[in-house]
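Presented below is the structure to which this report refers.
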Amino acid sequence: MAHTKCSACPLRVKDIFVPFTSDEIAFMQSFKKGELEVEAGTTVLMEGSSSPQLYTVLSGMGTRYKTLENGRRQVINFLFPGDFSGLQASLMGEMKHSVEASTHMRLCVFKREDIWTLFRAHPERAYDLTWISAVEEHFLGETLASIGQRDAAQRIAWAFVRMFERLRAVGMTRENTVPLPFRQRDLADALGLSLVHTNKTLQKLRSLNLAHWMEGELTINNLATLADLAMIDLEKPARRPIM
């Protein structure tokens, strides 16, 4: 498998990501240790493990989840191209959640033991890592607020708008459609809804001609109206670093 050079990274050129300097590109090329391809259903990171590797999603999508003591699974959120994963094991000794590939994924691989090189040699890149962690914490807080204060239609509208905007920012939009390869059960779980309630709400959004999610594709017919329903403002996603 031919590895993608950091200088030719197809994500780095997207407007949503902060540009690299030539020195940062050279450093990231030395920091990157290879690439990994996995098929849908593969466990990339396991809760409780001390993974020696960190990953950036180059392509494909995944699901983050925790396993409860009774064996049930709680979806936390989803992984999209450009997302970084595995930092928990670096800082906390082990992963506190698992990551499973929802589609075929291609991942940039970094050694966990090399993470401190960022802080010694490239503090600005270490700051980027901190920023990524802060944004993930903010998103989890927004998810919790959505579960606590939005009804079912508003929760699903919120999730659809946020995911659509993110996928559009990395160039995965075809007119008003984006790939969304997750299961209804996973979305229901992430939003604190029953599968039956989620299914009925999706039918309602479809009947209102607002959103149609079927066979791994999400079509949004009126993004502004869906955002109004979700009680959020439509705004261009903030620029973010990519590892």
Hey, any chance [X] and [Y] share a hydrophobic cluster, counting ILVMFWY side chains that come within less than 4.5 Å of each other, even indirectly?
{"X": "Ile220", "Y": "Leu208", "result": "yes"}
{"X": "Met231", "Y": "Val161", "result": "no"}
{"X": "Leu234", "Y": "Val178", "result": "yes"}
{"X": "Leu195", "Y": "Leu180", "result": "no"}

Short question: side chain of [X], backbone of [Y] - any donor-acceptor pair under 3.5 Å?
{"X": "Glu165", "Y": "Arg162", "value": "no"}
{"X": "Thr103", "Y": "Gly60", "value": "no"}
{"X": "Arg64", "Y": "Leu79", "value": "no"}

Check [X] against [Y] and note the closest heavy-atom contact, atom names and distance.
{"X": "Gln184", "Y": "Thr198", "value": "O-CG2, 4.3 Å"}
{"X": "Met61", "Y": "Pro181", "value": "SD-CD, 3.4 Å"}
{"X": "Leu229", "Y": "Ala153", "value": "CD2-O, 4.1 Å"}
{"X": "Ala40", "Y": "Ser102", "value": "CB-O, 3.6 Å"}
{"X": "Lys33", "Y": "Lys111", "value": "CG-CG, 3.7 Å"}
{"X": "Leu107", "Y": "Tyr55", "value": "CB-CD2, 3.9 Å"}

State whether the number of non-hydrogen atoms from other residues, nucleotides or ligands found under 6.0 Å of [X] atom [atom1] is greater than 12.
{"X": "His212", "atom1": "NE2", "value": "yes"}
{"X": "Lys66", "atom1": "NZ", "value": "yes"}
{"X": "Arg183", "atom1": "CZ", "value": "yes"}
{"X": "Lys204", "atom1": "NZ", "value": "no"}

Apply side chain to side chain contact (heavy atoms under 4.5 Å, CB included) to the pair Thr56 and Met28, showing each step before the final yes or no.
CA-CA 12 Å; Thr56 290; Met28 289 307 297; over 6 Å; no
Decide yes or no for [X] and [Y]: does some side-chain heavy atom of the first lie under 4.5 Å from some side-chain heavy atom of the second?
{"X": "Trp213", "Y": "Leu205", "answer": "no"}
{"X": "Gln74", "Y": "Tyr65", "answer": "no"}
{"X": "Leu191", "Y": "Trp158", "answer": "yes"}
{"X": "Glu100", "Y": "Asp186", "answer": "no"}

Indicate yes or no: does Arg12 engage Glu24 in a salt bridge with an N to O separation below 4.0 Å.
no
Spacing of [atom1] belonging to [X] relative to [atom2] belonging to [Y], to within rounding of 0.5 Å:
{"X": "Phe27", "Y": "Cys6", "atom1": "CZ", "atom2": "SG", "value": "10.5 Å"}
{"X": "Met214", "Y": "Arg206", "atom1": "CE", "atom2": "CZ", "value": "4.5 Å"}
{"X": "Ser207", "Y": "Leu202", "atom1": "OG", "atom2": "CG", "value": "11.0 Å"}
{"X": "Arg185", "Y": "Leu193", "atom1": "CZ", "atom2": "CG", "value": "13.0 Å"}
{"X": "Leu58", "Y": "Ile242", "atom1": "CG", "atom2": "CD1", "value": "7.5 Å"}
{"X": "Ser85", "Y": "Gln53", "atom1": "OG", "atom2": "CD", "value": "12.0 Å"}

With Asn221, the side-chain contact (heavy atoms from CB on, under 4.5 Å) member among Leu226, Leu210, Asn176, Thr177
Asn176
Counting the benzene-type ring for Trp, do Phe164 and Phe160 have ring centres under 6.0 Å apart?
no
Assess the side chains of Thr4 and Glu35: does a donor N or O sit below 3.5 Å from an acceptor N or O?
yes
Within 45° cone of Phe80 ring axis and under 6.0 Å: Arg166 NZ or CZ
no
Between Phe20 and Ile25, does the side chain to side chain contact (heavy atoms under 4.5 Å, CB included) criterion hold? Intermediate values first, please.
CA-CA 6 Å; Phe20 281 10; Ile25 293 174; 3.5 Å; yes
